[in-house]
Trainee: 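Handing you a structure now.
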Amino acid sequence: MTSALDRLKAHSSIVADTGDIEAIRKLQPEDATTNPSLLLKAAEMPAYAAYLDKAWTYAKSEESDAIKQLELACDYFAVLLGKEIADIVPGYISTEVDARLSFNTEATIAKAKQLLALYKLEGVSKDKILIKIASTWEGIKAAEALEKEGVKCNLTLLFSEAQARACADANVFLISPFVGRILDWHVKNGLAKPTDPLQDPGVQSVRSIYEFYKRHGYKTVVMGASFRNTGEIVALTGCDKLTISPQLLEELAEMPADDSFLLETIEATEAKPAPLTEAEFRWLHNQDAMATEKLAEGIRAFAEAQETLEARFKAL
């Protein structure tokens, strides 16, 4: 029997959405992504206690300022996990910039370069790394500058057409539109949970972005993310990449393949629209209540996870 996961792998690049190294070894994805919430979960697992100790010892040896020590310890912990993941996956490891810098272009660029320097210290080439940045206007501008310097970026917390267009305008390497969180917002605001995945507003959003990119010839990779169920994933078969939690990957491995869903191959037939100005971006994004709320909520949640991880280091 061909499994749903086997069929997905035949049409899309599969990425593990986890900081659990043992799960990555078991599932053998092409790439892996982490975020502050996943790093916090890893920090609470006994298997990674040595990484916490190493990161904290290094931070105290490099910085005398208490705040900078905590920031460096968190960055180095992320890199230590990322380094081990990079040794397992043949493709990329995504490591996220501190969400508290989401509205500061220059600070985001500086943090990205610090993460790359730490990876270099661990012997990991920048060619293996995607710098993960929130899809604010400031984050997109930081990614645009980094891409021009040969640093590939993964623009995350993406919910709106405006964000997708601005990322493509900036020639970023990859975007991570969030499927499940879009559905969450609509259900919270009165939508009955759809039984047909093609009626899922998160699936519809990613399909629309994918088609827009392909129709206009944008090279930016579309990686569906933040899934709530296997139906959402299967409905996006053929998307460039799909980043999936270990639990859902295991469910897909046990399911029979469903040949009903496959994104069409779309040729570039239309000229690219003029790049969005900052004012146009902010207005279009503001007009999408779901995207406005979910972007802000996501940044707050990732910032809170970062602060909790810092508190974990304080307790060492």
Trainee: Take Thr269 and Arg215 through the test side chain to side chain contact (heavy atoms under 4.5 Å, CB included) and record every step on the way to the result.
Mentor: CA-CA 6 Å; Thr269 57; Arg215 192 168 65 250; 3.9 Å; yes
Trainee: Give the intermediate values and the outcome of side chain to side chain contact (heavy atoms under 4.5 Å, CB included) for residues Val206 and Cys239.
Mentor: CA-CA 9 Å; Val206 176; Cys239 191; 4.2 Å; yes
Trainee: Examine distances only and state if a side-chain atom of Thr230 and a backbone atom of Leu252 form a donor-acceptor pair shorter than 3.5 Å.
Mentor: no
Trainee: Taking atom NZ of Lys214 as the centre, does the number of heavy atoms from other residues, nucleotides or ligands within less than 6.0 Å exceed 12?
Mentor: yes
Trainee: Evaluate the side-chain proximity of Leu157 to Arg181: yes if any heavy-atom separation is below 4.5 Å, no if none is.
Mentor: yes
Trainee: What do you reckon, is NZ of Lys272 surrounded by more than 12 foreign heavy atoms closer than 6.0 Å?
Mentor: yes
Trainee: Would you find a donor on one side and an acceptor on the other, under 3.5 Å apart, between the side chain of Lys132 and the backbone of Leu155?
Mentor: no
Trainee: Tell me the closest heavy-atom pair linking Leu81 and Gly19, and the distance in Å.
Mentor: CD2-O, 4.0 Å
Trainee: Using modelled atom types and a 3.5 Å cut-off, is there a donor and acceptor pairing between side-chain atoms of Thr237 and backbone atoms of Val234?
Mentor: yes
Trainee: Given side chains that start at C-beta, do those of Pro177 and Leu158 come closer than 4.5 Å, heavy atoms only?
Mentor: yes
Trainee: Count the heavy atoms belonging to other residues, nucleotides or ligands that lie under 6.0 Å from CD of Gln247, then report whether that count exceeds 12.
Mentor: no
Trainee: Quick one: are Leu263 and Arg207 in side-chain contact, heavy atoms under 4.5 Å?
Mentor: yes
Trainee: Which ILVMFWY residues are connected to Leu174, directly or by a chain of links, through side-chain heavy atoms under 4.5 Å apart?
Mentor: Val15, Tyr92, Leu130, Phe173, Val221, Met223
Trainee: In terms of heavy-atom contacts, does CD of Glu147 have more than 12 from other residues, nucleotides or ligands at under 6.0 Å?
Mentor: yes
Trainee: How long is the straight-line distance from OG1 of Thr57 back to CG of Leu52, given to the nearest 0.5 Å?
Mentor: 10.5 Å
Trainee: Quick check on side-chain contact (heavy atoms from CB on, under 4.5 Å): which of Asn171, Ile175, Asp169, Ile209 does Tyr218 satisfy it with?
Mentor: Asp169
Trainee: If you measure from the Lys or Arg side-chain nitrogens to the Asp or Glu carboxylate oxygens, is any gap between Lys141 and Glu144 under 4.0 Å?
Mentor: yes
Trainee: Linking Ile, Leu, Val, Met, Phe, Trp and Tyr through side-chain heavy atoms less than 4.5 Å apart, which residues share a cluster with Leu262?
Mentor: none
Trainee: So for atom CD, which belongs to Glu267, do other residues, nucleotides or ligands contribute more than 12 heavy atoms lying within a distance under 6.0 Å?
Mentor: no
Trainee: Taking the side chain as every heavy atom from C-beta outward, state whether Pro273 and His216 have any pair of such atoms under 4.5 Å apart.
Mentor: yes
Trainee: Below 4.0 angstrom, N of the basic side chain to O of the carboxylate: do Glu149 and Lys113 qualify?
Mentor: yes
Trainee: Would you say the side-chain atoms of Ser160 pair up with the backbone N or O of Gln163, donor to acceptor, closer than 3.5 Å?
Mentor: yes
Trainee: According to salt bridge (Lys or Arg N to Asp or Glu O under 4.0 Å), who are the partners of Glu280, at least two apart in sequence or on a separate chain?
Mentor: none
Trainee: Taking NZ, NE, NH1 and NH2 as the nitrogens, is one of them in Arg228 or Glu251 under 4.0 Å from a carboxylate oxygen of the other?
Mentor: no
Trainee: Is a side-chain N or O of Gln69 found less than 3.5 angstrom from the main chain of Glu63, in a donor-acceptor match?
Mentor: yes
Trainee: Ignoring hydrogens and geometry, is there a side-chain-to-backbone donor-acceptor pair from Thr105 to Glu138 under 3.5 Å?
Mentor: yes
Trainee: Under 4.0 Å between a Lys/Arg side-chain N and an Asp/Glu carboxylate O for Glu250 and Lys26?
Mentor: yes
Trainee: Does the Thr292 side chain pair with the main chain of Asp288, one donor and one acceptor, at a distance under 3.5 Å?
Mentor: yes
Trainee: When the ring planes of Phe178 and Phe159 are compared, do they come out parallel, tilted or perpendicular, using 30° and 60° as the limits?
Mentor: perpendicular
Trainee: Under 4.5 Å between any side-chain heavy atoms of Lys241 and Glu30, yes or no?
Mentor: yes
Trainee: Is a side-chain donor or acceptor of Ser12 paired with a backbone partner of Asp240 at a separation under 3.5 angstrom?
Mentor: no
Trainee: Is there a donor-acceptor pair closer than 3.5 Å between any side-chain N or O of Thr34 and the backbone N or O of Ser94?
Mentor: yes
Trainee: Between Tyr213 (side chain) and Ala164 (backbone), is there a donor-acceptor pair under 3.5 Å?
Mentor: yes
Trainee: Walk me through it: do Leu146 and Ile133 pass the test side chain to side chain contact (heavy atoms under 4.5 Å, CB included)?
Mentor: CA-CA 11 Å; Leu146 288 164; Ile133 300 170; 4.0 Å; yes
Trainee: Does anything in residues 5-23 pair up under salt bridge (Lys or Arg N to Asp or Glu O under 4.0 Å), and if so which pairs, sequence neighbours excluded?
Mentor: Arg7-Asp259, Glu22-Arg25
Trainee: May I have all residue pairs that pass side chain to side chain donor-acceptor pair (under 3.5 Å) and include part of residues 300-316, sequence neighbours excluded?
Mentor: Arg100-Glu310
Trainee: Between Phe212 and Arg165, is any pair of side-chain heavy atoms under 4.5 Å apart?
Mentor: yes
Trainee: Checking one residue: Leu38. Which other hydrophobic residues are in its cluster under the side-chain 4.5 Å linking rule?
Mentor: none
Trainee: Could you tell me if the side chain of Pro197 sits less than 4.5 Å from the side chain of Phe261, heavy atoms only?
Mentor: yes
Trainee: Any side-chain heavy-atom pair from Lys83 and Leu80 closer than 4.5 angstrom?
Mentor: no
